[in-house]
Asks: 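Below is the structure I would like to discuss, written out as structure tokens.
To find a chain, count down the sequence lines: A is the first, B the second, and so on, and within it residues start at 1. Side-chain atoms are counted along with the backbone in the values below, which use heavy atoms only and exclude waters and symmetry mates.
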Amino acid sequence: MTPADAELLPAGIAGLVGLSLAVAVLATAWTRQAHRIGLLGALAVTAWVLGLSALFLNAGPDSETAATRVALGGWDAPLGLMLQLDGLSMTLLVLTAVVGLATSLYSLGYVHDRIERRQFWPLWLWLWAGLNMLLLSGDAFNLYITLEVVSLSAVALVALTGTAAAVSGAMRYLLVNILGSLSFLMGVVLLFGEHGVLDLVLLEARTEAGPAERMAAVLMTAGLMLKAALFPLHVWLAPAHGSAPAPVSAVLSGLVVTGSFYLILRLWMGVFAPLATPTFGILVGLLGVGALVWGSLQALRAGRLKSIVAYSTVAQFGYLLVAFPLMLVDPDAWRVVVFFAVVHALAKASVFLAAGTLQHAAGHDRLADLGDVLRGRPRTVFALGLAGVSLMGLPFTGGFIAKYLLLEAGLGTVLAGSVFGVLWVLAIAGGGLLAAAYVLRMVAPSFQRGRADAGEASSPWMDWVPLGLATVAALAGLAGTLTLNTLALTPGAP
Amino acid sequence: MSGLAETVVHALTPGLLYPTGGATLFALGLYGLIRRHHLVLRILALNIMGSGVFMVLLGVAARGEGPPDPVAQALTLTGIVVAVSATAFALGLVVHLTRLTGHAVMLPGPPDDDAAMADTSRGEHHADGGPDAPPSDEDPPS
Amino acid sequence: MIANALTGVLLLAGLVFFAAGTAGLLRFPDVYSRLHALTKADNVGLGLVVLGLMFQASGPADILKLLLIWLLVLAAGTTAAHMVAQRTWTHGEFESDR
Amino acid sequence: MNGLLVLFDLVLLAGIVGVAWRCLASTDLFRAAVLFVTFGLLLALAWVRLEAPDIALAEAAIGAGITGALLLVTLERLRSIMAERRSGRPHTPPPDPTGPHALLRALHDPPPERRTFIPALTFALVVGALLVTTLWHQPPSMGLEPVVDAHMDASGVDHPVTAVLLNFRAYDTFLELAIVLIALLGAWSLGRHDLIPARPAPGPILPGTLRLLVPVAIVTGVYVLWAGSHAPGGAFQAGAILGAAGILLVLARPRQLPMAPGVPLRLGITAGVAVFLLVGLYGLAAGHGFLGYDRAWAYPLIILIEVAATLSIALTLVALFVAGRPAGDDA
């Protein structure tokens with residue numbers, strides 16, 4: 001690494017926050033041009049994130065011991081607020097940029113109404129900025145504020161279609177989000193009362209396994225589980241994700257849920273690390289198995305295309321929970337978990353985008369009456385299938401590599417003599433089969449004989465973006481080593 | 001006996017009284033949130049929970065000797081403004097939902113999300129909701 | 001010393017008016033008599049409290065601020081009472097008033 | 001004297017918890033809203049007792065005042081929607097207050113069902129008891145007061161809370177402004193605004209009082225804003241006071257809202273975040289860090305940010321009260 005890189009990195013981090021905020025503010029003020037500002041902003045933010053990742057990887061060796069931290073306003077912790085960047089947040093920033101850019105391009109075609117466009121773009125850009133800030137935040141209270149930025153803009157986006165189903169889904173989503181935030185905030189207050197600091201690194205240094213930490217861990221984890229729709233706190237997810245506009249569903253299932261999960265992981269790897277015990281891991285793992293089974297069964301009986309996809313998010317997040325007990329045995333398993341979350345986010349976003357195109361073409365998304373359009377739109381169905389294959393974890397896709405690594409970690413647990421290891425392995429393998437079943441349910445009508453009808457014409461963006469993103473998801477396996485190596489640059493990782 | 005008396009005196013300092021009151025408000029709001037169905041009441045319950053959090057924060061900050069912690073006060077101020085923003089948006093959603101469905105309750109249990117849903121990416125947009133949205137109160141809550 | 005005693009007496013007198021107003025609000029049968037009890041007692045009560053606090057003020061600026069508070073509450077209270085009465089006159093009593 | 005204070009604390013806390021309980025237990029929503037405003041005012045008293053006058057100001061103006069106004073106008077909207085729906089269908093029988101349709105009554109929530117009583121009570125008791133136990137075992141922590149105190153010279157202002165809000169933790173405050181803005185964007189995305197259901201009060205009393213009160217409110221708002229640099233006060237409290245004045249003006253003429261043109265209004269609501277962000281980016285470029293100030297310029301820059309923030313907050317609060325985006329915004 002060169003000294004110039006090391007100097008540029010902090011400025012690049014603060015600049016990313018500034019840039020994504022500037023785009024959002026500009027689109028809010030000059031709403032007539034919001035879609036143009038949004039497109040240019042999406043390109044600029046993506047380019048910035050990619051540049052930052054190159055810089056970060058160059059500066060790599062230093063980052064193994066400590067995250068790159070930036071003091072905002074020149075005030076160091078504990079007085080001021082710190083931004084921090086490490087391998088984990090860098091990986092998810094890149095994921096956010098890729099999905100965000102794809103969603104922006106797709107929205108150019110999907111949100112074409114002049115009035116709706118003016119409402120959509122500012123909110124979406126605030127959501128994106130909020131996600132970037134969430135991933136870069138290094139302060140417990142600031143995390144609460146960024147969570148609120150993300151959830152308020154996400155709720156507003158869900159309600160955007162204005163139908164009764166969407167508004168009712170948004171209402172439920174909002175109440176759940178506020179409850180989750182308050183629970184999180186109560187945890188932050190307990191930690192602040194105990195240690196008198198809010199900075200995550202300082203908190204980590206002072207934490208031991210005391211009663212206040214335990215209570216804070218319970219409150220913050222429960223709040224985040226509500227927001228991440230982790231089983232059994234998931235009931236709000238399907239109505240909200242299933243009735244939102246397609247690009248919004250893609251972002252919610254791909255990024256927003258992943259953001260809350262990131263925070264759980266970050267807290268348990270840092271501040272709450274002394275509290276993690278094998279019993280706790282097994283408990284979480286059992287929840288994961290429950291999520292896998294329940295979500296898959298719901299996806300198998302849901303009648304609407306987007307409902308299937310929404311329930312499959314509940315199921316797929318079960319994997320992330322199953323991985324917790326594996327992490328306690330195999331310290332490296334967490335990287336596999338994050339890689340799995342990345343692949344899932346890419347695949348899930350493209351499935352939702354493809355479903356949006358089909359829904360647009362057919363005018364509805366009832367699976368039973370969707371056959372004609374499925375036969376008439378081979379390109380979109382191919383995108384759906386390709387992303388679905390990645391979700392199932394068939395060989396040569398990103399999903400395959402992620403699941404293979406998970407299975408490997410699971411077998412390691414079995415070898416380590418854990419009785420539950422067998423259950424984890426069974427769950428990981430069985431979940432793939434269930435995923436195959438509901439993915440096939442979605443694309444099966446296109447293989448049946450019948451009338452083919454392309455339905456309502458749609459813009460080229462809506463045809464090609466899902467395919468492109470699905471390809472990225474399928475090829476993500478190629479970037480597996482790079483991702484895992486980037487993730488290794490996370491301090492405090494076991 | 002003196003041990004008990006000391007405990008009581010200790011418990012009566014603001015640094016413990018107010019956090020206890022805040023915890024009570026938090027639990028009370030949680031209870032109301034679970035039991036009441038009308039959305040306005042649920043929003044009030046969440047607000048009361050939030051006030052409980054702020055009371056714990058300020059109470060804890062008043063524990064030490066000397067002037068109270070300005071950081072805790074700044075955080076509370078931020079929290080209050082966030083709470084009122086979320087409340088205003090939530091109340092807007094309640095009015096909109098009532099206009100669309102004719103009721104402002106969130107019934108327990110998962111909603112019927114398999115109900116047919118019109119596509120919204122084409123044709124006229126419902127972003128304005130309003131009176132032209134189809135009335136759907138034919139399904140009274142059970 | 002005398003100032004403190006005066007403050008105490010005036011505050012107590014003000015509280016008596018507040019108590020009377022509150023009792024009237026709770027016990028009187030209809031909106032008009034409740035308004036009557038509430039506003040009159042509260043205006044006088046607040047006036048006495050403000051007067052009492054003036055003896056504790058550190059300078060003329062504080063006295064003026066206290067006076068301003070009383071005047072503003074008088075104006076706001078009068079308007080609010082007028083609007084409540086008017087609404088009751090044209091629309092009848094609220095469900096929750098009965 | 002200490003005993004009296006303890007008595008005061010106990011009575012105040014019992015009052016706060018009692019009012020909150022009555023609010024959540026009431027079946028009449030209007031009563032619940034009024035009790036919630038009372039709750040907010042009692043909280044303000046508690047904040048004064050905890051030596052937090054800034055929070056008390058904010059709670060009274062924002063927590064009780066603005067939230068109260070929002071609640072009442074929401075109830076009035078719900079009432080008028082239900083009245084419209086009923087009058088639109090002359091043949092529908094009036095809802096039976098005890099039947100399953102009781103849920104449909106706009107401003108009434110039936111008492112909760114018995115079956116949720118035990119689980120809800122158990123859950124709340126467990127959470128509350130765990131919290132109280134945890135809090136009682138916490139040692140008194142130092143907090144950040146000494147650190148803030150040590151850096152006050154460099155902050156550009158004399159009031160610690162303002163120094164934290166606009167200098168040491170300016171990023172949080174910026175995002176707080178953004179959240180107010182996002183809430184408005186969300187409310188606007190729900191649709192165009194419709195008439196406020198309140199009827200204009202006949203007679204000269206309300207307009208006359210407003211002619212008296214609004215200038216006083218403006219002076220008070222500006223004073224609170226200016227005072228924020230050395231005493232309790234600041235942009236949020238000032239914005240709430242000015243916003244309340246704006247809401248009163250709207251209420252006085254609910255039928256003749258000025259048709260705010262789109263562009264100036266948009267600029268007005270974004271002014272706070274825009275100015276804040278520009279100053280922050282300038283700080284980044286000039287080497288003071290993102291959202292940092294040159295020490296000599298800290299005071300004027302903070303005042304500049306606060307003025308813009310006050311304007312935006314006041315406008316946004318009024319717009320949130322009106323709800324729905326103005327017609328001019330779609331032009």
Side-chain angles (χ1 to χ4, degrees), chain B residues 12 14 16-21 23-28 30-32 34-38 40-41 44-45 48 51 58-59 61-64 66-74 76-78 80-82 84-85 87-89 91-92 94-96 98-99 102-105 128-130 140-141, chain D residues 6 9 13 16-17 20-21 23-24 29 32 36 43 47 50-52 54-55 58-59 62-63 66-67 70 74 77-78 81 85 100-101 103-104 109 112 116 120 124 127-128 131-132 135-136 140 142-145 148 160-161 164-165 169 172 176 179-180 183 186-187 190-192 236 320 323:
Chain B
L12 288 177
L16 275 184
L17 262 184
Y18 282 89
T20 308
T24 313
L25 286 180
F26 191 79
L28 183 61
L30 203 55
Y31 175 79
I34 300 171
R35 289 212 75 197
R36 302 313 300 263
H37 289 322
H38 201 285
V40 171
L41 280 174
L44 289 185
I48 286 173
S51 304
L58 287 179
R63 262 183 203 164
D69 187 353
V71 174
Q73 300 197 1
T76 309
L77 193 56
T78 308
I80 289 178
V81 176
V82 170
V84 79
S85 311
T87 305
F89 179 40
L91 290 175
V94 172
V95 170
H96 200 60
T98 312
R99 193 176 287 143
H103 56 84
V105 288
D128 285 319
Chain D
V6 169
D9 285 341
L13 280 174
I16 289 175
V17 173
W21 167 254
C23 168
L24 290 182
L29 293 188
F36 185 77
L43 274 184
W47 303 154
L50 289 172
E51 298 174 64
D54 294 85
I55 317 299
E59 184 75 52
I62 303 176
I66 302 280
T67 310
L70 288 170
T74 301
R77 287 199 171 104
L78 293 184
I81 290 172
R85 287 181 89 89
H101 290 272
L103 285 176
L104 297 178
D109 192 43
T116 57
V127 171
L131 267 176
V132 170
L135 286 166
W136 279 41
M142 281 307 291
L144 292 170
E145 199 273 329
V148 173
V161 178
V164 173
L165 277 175
R169 294 181 71 94
D172 272 352
E176 172 189 357
I179 286 175
V180 181
L190 293 174
R192 286 203 197 99
F236 290 98
L320 278 172

Asks: How long is the straight-line distance from OH of B:Y18 back to CG of D:D9, given to the nearest 0.5 Å?
Replies: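 Result: 3.5 Å between the selected atoms.
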Asks: Mind checking what makes ring pair (Phe, Tyr, Trp, His ring centres under 6.0 Å) contact with B:F26, not counting sequence neighbours?
Replies: none
Asks: Please determine which of D:V148, D:D54, D:L165, D:L144 meets the side chain to side chain contact (heavy atoms under 4.5 Å, CB included) test together with B:P70.
Replies: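 For B:P70, the side chain to side chain contact (heavy atoms under 4.5 Å, CB included) test succeeds with only one of D:V148, D:D54, D:L165, D:L144, which is D:V148.
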Asks: Working to the nearest 0.5 Å, report the span between CG of B:L28 and CD1 of D:I16.
Replies: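 One gets 12.0 Å once the value is rounded to the nearest 0.5 Å.
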Asks: Who among B:V94, B:T87, B:V84 has the most heavy-atom pairs with chain D under 4.5 Å?
Replies: B:V84
Asks: Applying the side chain to side chain contact (heavy atoms under 4.5 Å, CB included) criterion to D:L13, which one of B:L17, B:L25, B:T24, B:T20 satisfies it?
Replies: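 So, applying the side chain to side chain contact (heavy atoms under 4.5 Å, CB included) to D:L13 and each of B:L17, B:L25, B:T24, B:T20, only B:L17 qualifies.
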Asks: Output the distance between atom CG (B:L41) and atom CZ (D:F36), rounded to the nearest 0.5 Å.
Replies: 11.5 Å
Asks: Looking at B:G21, B:A72, B:P14, which makes the most heavy-atom pairs under 4.5 Å with chain D?
Replies: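 Counting heavy-atom pairs under 4.5 Å, the top option is B:P14.
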Asks: Hey, mind stepping through B:R99 and D:L190 against side-chain contact (heavy atoms from CB on, under 4.5 Å) and telling me if it holds?
Replies: CA-CA 11 Å; B:R99 193 176 287 143; D:L190 293 174; over 6 Å; no
Asks: Within the structure provided, determine whether D:P112 and B:R36 are in side-chain contact (heavy-atom separation under 4.5 Å).
Replies: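 Yes, their side chains come closer than 4.5 Å.
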Asks: Please state whether the side chain, the backbone, both or neither of D:I62 comes within less than 4.5 Å of a heavy atom of chain B.
Replies: both
Asks: Using non-hydrogen atoms and a 4.5 Å limit, figure out which bit of D:I179 sits close to chain B: side chain, backbone, both or neither.
Replies: both
Asks: Give the member of B:P67, B:G59, B:G92 that has the highest number of heavy-atom pairs under 4.5 Å with chain D.
Replies: B:P67
Asks: Measure the spacing between CZ of B:R35 and CG of D:L24 and express it to the nearest 0.5 Å.
Replies: 11.5 Å
Asks: Run the salt bridge (Lys or Arg N to Asp or Glu O under 4.0 Å) test against D:R169 and tell me which residues pass, sequence neighbours left out.
Replies: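 D:R169 satisfies salt bridge (Lys or Arg N to Asp or Glu O under 4.0 Å) with A:D139, D:D172 only.
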Asks: Distance from B:L77 atom CG to D:E176 atom CD, nearest 0.5 Å?
Replies: 6.0 Å
Asks: Rounded to the nearest 0.5 Å, what separation is found between the CD atom of B:Q73 and the CD1 atom of D:I55?
Replies: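 Here the interatomic distance stands at 5.0 Å.
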